Each structure stands twice: as structure tokens, then as C-alpha cells.
Amino acid sequence: MTSCTPRVAWLNLLRRLHFYIGLFVGPFIFIAALSGTLYVATPQLENVLYSDALYGVSSGTRQPLAEQIAVAEQVTGGYLRLHAVRPGLADNATTRVMFADPQLGVSENRAIFIDPVTLQVKGDMTVYGTSGILPLRQWIDYFHRSLLLGNAGRLYSELAASWMWVAALGGIALWFFTRPKRRINNAVQNHRRLHVVLGWSLLAGMLLFSATGLTWSQWAGGNVNSLRAAFGWMTPQVNTQLDGAAMASDPHAEHHLHPAGMKMPEMALNLVQFDEVLQVARQAGIAASKLEIRPPRSMDQAWTVTEIDRGWPTQVDAVAINGSTLAVVDHTRFADFPLMAKLTRWGVDFHMGVLFGLANQLLLILFGAALCVMIVVGYRLWWIRRPAGAAVNPAATLLSSWQSLSRTGRFSTLVIALLLGIMLPVMGGSLLLFILIDALRWKRAVQRSASAQA
């Protein structure tokens, strides 16, 4: 093994790791950046495509929610459970009456769009998630998240989010320790300069998108939520229990099922209560024009009215209301959220391009396009600098670079790798794959070197 200084050993290790991330993970980051850019660029297009469903008449007296919901139930035949209602309170917006359809996927609902003035049915389509995105952006979102491959495909986006921050910080560190002392104009240096400039410009965004992307991930997401819970950073959730039982702060609480064999009593809904509950919520300070009313699923639960305006200023207050007494039994206010919960909310909304409206969209479109260019430039730089096959150096592998570190260096990197692998399982699994490929490459290079010396 060729001896080298500690500084050179660390640079060799960092260089090989950055190379592997770029070579193997770069395509997935590229796809995530491109599809994410399409997602944030299409809200206006979606509004045009589905304008008939989204907008009704611009003037007139709004009919009670009870009558609007009754019309929607006639469309569905009354066989689907009423999941939530989003009243059309702003301008000429239609009311969304959303039903839980067992034929749809997780977080999907069938929405009947009702003109609140004329009671005309304006649309009937699937909506997704809290943001209520429509079919066009649903397709883009599914592609962005899982390449349309279901849960198995979610590994790709988690892989990209797990490694992007490492690639960003590692690239900056490499530039800092290896930047040329004088300006050199050639193909390699010009590409490297552009790659570095883009890296510095996009650094904050890459760190933010890695962090927020991991909160949605399939495997690391659970660990992130456990960490947030341990530090008290979870988003407060309105308590819907009417028996006084405490409810844990769980952002996914609505997806939890009752224990097997335990059947909760069915809740017969009085549609008039939607109007009554909305009035009580208004009196309690729920002032946003974008809100969602959810009826209880069982006798021991309260109604909820939640603000869903994720723009700036953020309006996500919520109240729980006893349907029998119309008393407010719980109230969560965004102003009272812990700082980390607020930062998480803002980070996720910025990631989705809704926090600052059009300015947010334009910034993310620019970011996504620049990130794609940076990745392409990185591949171009590697292609220009690629060594000939016979010139592969056994010392230029990840394993050999790691073995060149001091004993303390090897131990510390091993501990860090283990901790990150536990916290970010997809990163850990892919790192093992990198090492396997690297070991095979090292073995082949050593055999070539031995044959050449024979």
C-alpha cells in the first residue's frame, strides 16, 4: 500500500465517495430534480385544465353546506363514506365534497365539485393529500416520489434525498482543499469551475431538499419522526377524543386503524351540522378562506375544522368541536407551535412550491433546472478526465483510500457510516453496494497490476 499524508488520504477518500455518489446516485437526483420542477411548474396549468370544476358563478347567495353535500351524495349514490368537505368560500370557488372510496389509493379521495350558488355539479375526480392536487399533478407527484412503481419505487427518491446532502457538502470540501491557485482555462477547469459555481449557488437548496425529502421517505421518515418526537419537535395535533383521553401528537394519526376485532359505533351524520360546526369554528378564530371540515368517525370523536392555507402567512390552525353541544373541545394555533415544528411546516411547504406563491415556484424551477445542469456538467467532467482502462490505479478505490487513513480516521469513519446507515437505511444499503463494487474493482486492478509485473 502506498503511504500518503493524512490530508491526501482524506482527500482520496472524499474524492472516491463523491465520484460514486455522482456516478450511481446522480441519475436518481436528476430525475427527482426534473420531476420536482415539473410539479411546481404546473399549478397554473392545472387550474386551466380543471377550471370548469374549480370555479362556479361569481355572484349570488351561497346555499347551505347541507344542501351542497346532499347534491354530492346523490352523485355517489350515498354508498361512500363522507370523508371531508372543503367549502367554496373565496370568490367563485366551488365546494369540494370528498368521499372515501375503497377503490382508490392511500390519501386519495373522490371529490364532487359543487357550485355553492347554483348547486350545479361541476366536476367528479380524484384528489390527493392535504394539498388536494388534481389528476395531472397527482401523476407528476407519483412519478416524482416513486417512478409510478408504488412503494418499491419510493426507494429511488429516498436514495436521492439520502445522498444529495453528502454530495453537496463533499463537493464543497473537495473544492476548498483542491482549488487551483491560479486561473487555468482548459476544458477540464472550465467544466469544474461551472460545476463548483452551481454547487455553491445550490448548496442551501440541496441541504433543504434533502432534509424535507427524508421526512416523506419510506424508511428514514420513521426515524426522522422518532427523532423529532424525542426532542419535542412534532407538529401539535388537535385532540378529537371526547372522553378526555390524551392523544399523541402524530401527523399521520388519521391513518391509524382500530385494533382488530374492535368495532366502533357507526356515526350517523346530520348534514345540517356542517353549517353549525363551520359557524362555531369561525367564532373560535378559524378565519382562513381555505379550510376543511371533517366529521367524526365514531360517537366518541369530535368534528374538526382545519385551516389548509399553506401560503405566507401560514394558516393551519384547527379546532375540535363536540357535535352534540357545539362546544370547542380543543384548539391548536400555528402561532403556538414549537419553532422546529414551524420550520418543518415552512420547509415542506417551500419544497412543494406553495409557501411564497409564484415567487416560490419560479425559484424552485430555477433551482431544479440548475441542479440538472450541474449533474450533467459533473458527468461531462468525469468523461473528459476518465482514465484509460489499463491505467486503473489500485490506490484510487474507496477501500484503499479508507485503509490509507490513520487508525483513528478509519474508526471514526466506520462509526459515522454505521450511525448514518441505521438512521438512513437506504444510504446504508447503497453504501454497502458501493463497497462491494469497489472491492471487485480493487481486486481486478490488483490482478492487472500483478500480471503486468510478471
Side-chain angles (χ1 to χ4, degrees), residues 2-26 28-30 33 160-214 366-387 393 395-417 419-420 423-424 427 430-431 434-435 438:
T2 305
S3 60
C4 58
T5 65
R7 181 177 184 275
V8 171
W10 281 105
L11 284 176
N12 286 339
L13 178 65
L14 190 58
R15 186 178 290 110
R16 298 315 302 172
L17 182 60
H18 191 73
F19 168 73
Y20 279 143
I21 296 172
L23 185 62
F24 298 117
V25 186
F28 299 108
I29 299 177
F30 182 92
S162 297
W163 282 109
M164 186 162 64
W165 66 275
V166 180
L169 294 177
I172 294 300
L174 278 174
W175 168 84
F176 182 81
F177 289 108
T178 63
R179 63 189 187 278
K181 299 184 181 301
R182 61 187 181 87
R183 188 179 183 89
I184 303 174
N185 290 316
N186 56 44
V188 171
Q189 289 303 322
N190 289 338
H191 280 79
R192 185 175 188 267
R193 193 175 299 116
L194 177 58
H195 191 70
V196 169
V197 169
L198 290 173
W200 269 112
S201 303
L202 304 177
L203 177 61
M206 287 189 284
L207 297 180
L208 174 64
F209 282 99
S210 282
T212 53
L214 287 172
L366 180 63
F367 171 85
L371 181 55
C372 290
V373 171
M374 186 183 72
I375 294 170
V376 171
V377 171
Y379 273 99
R380 175 60 179 163
L381 184 61
W382 162 72
W383 183 258
I384 295 173
R385 301 173 62 180
R386 72 192 187 283
N393 185 352
T397 63
L398 192 64
L399 285 174
S400 60
S401 301
W402 178 76
Q403 288 190 337
S404 298
L405 300 177
S406 65
R407 182 177 300 178
T408 302
R410 293 196 300 271
F411 177 77
S412 60
T413 52
L414 184 60
V415 170
I416 293 173
L419 292 176
L420 287 176
M423 188 67 183
L424 310 176
M427 172 186 278
S430 57
L431 180 59
F434 292 169
I435 293 173
D438 192 74

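Values below: all heavy atoms of this structure, side chains included; hydrogens, waters and symmetry mates excluded. In what follows, residues are counted from 1 in the order of the sequence shown. Please read all numbers here as calculations on a predicted model, not as lab measurements.
For the pair Phe19/Leu398, no side-chain contact is recorded, criterion being any heavy-atom separation below 4.5 Å from C-beta on. With contacts defined as side-chain heavy-atom distances shorter than 4.5 Å, the pair Arg385/His191 does not qualify. Using a 4.5 Å cut-off on side-chain heavy atoms (C-beta onward), Leu174 and Val196 make no contact. At least one side-chain heavy atom of Asn12 sits less than 4.5 Å from a side-chain heavy atom of Arg15. Under the 4.5 Å side-chain criterion, counting only non-hydrogen atoms from C-beta, Leu198 is not in contact with Leu371.
Residues forming a side chain to side chain donor-acceptor pair (under 3.5 Å) with Thr178 (at least two apart in sequence, or on another chain): Arg192. The side-chain contact (heavy atoms from CB on, under 4.5 Å) test applied to Phe24 returns Tyr20, Phe434, Ile437, not counting sequence neighbours. Take Phe367 and apply the ring pair (Phe, Tyr, Trp, His ring centres under 6.0 Å) test, not counting sequence neighbours, and it matches Phe209. Evaluation of the side chain to side chain donor-acceptor pair (under 3.5 Å) rule for Trp10 yields no partner, not counting sequence neighbours. Residues forming a side chain to side chain donor-acceptor pair (under 3.5 Å) with Ser406 (at least two apart in sequence, or on another chain): none.
The two residues His195 and Met374 come nearest to each other via the heavy atoms ND1-O, 3.1 Å. Here the closest heavy-atom approach between residue Ser210 and residue Met164 is recorded as OG-CB, 3.3 Å. Across all their heavy atoms, Leu399 and Asp438 have their closest contact at N-OD2, 2.7 Å. The minimum heavy-atom distance between Ala33 and Cys372, with the atom names listed, is CB-SG, 3.9 Å. Of all heavy-atom pairs spanning Ala370 and Leu202, the tightest one is C-CD1, 3.7 Å. Of all the heavy atoms in Gln189 and Asn186, the pair that sits closest is N-OD1, 2.7 Å.
For residues 165-189, every residue pair satisfying the ring pair (Phe, Tyr, Trp, His ring centres under 6.0 Å) rule, not counting sequence neighbours, is listed here: Trp175-Trp200.
Leu17 CG to Ser401 OG: the interatomic distance, rounded to the nearest 0.5 Å, is 10.0 Å. Between Leu381 atom CG and Arg193 atom CZ the span is 11.5 Å, to the nearest 0.5 Å. Distance CG/Leu424 to CG/Leu419: 10.5 Å, rounded to 0.5 Å. The CD1 atom of Ile21 sits 7.5 Å away from the CD1 atom of Ile29 when rounded to the nearest 0.5 Å. Rounding to the nearest 0.5 Å places CG of Leu14 at 12.0 Å from OG1 of Thr413.
Counting heavy-atom neighbours within 6.0 Å of Arg407 CZ, excluding the residue itself, gives a total of 12 or less.
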Could you please spell out the steps behind the side chain to side chain contact (heavy atoms under 4.5 Å, CB included) verdict for Val376 and Phe30? CA-CA 9 Å; Val376 171; Phe30 182 92; 3.9 Å; yes

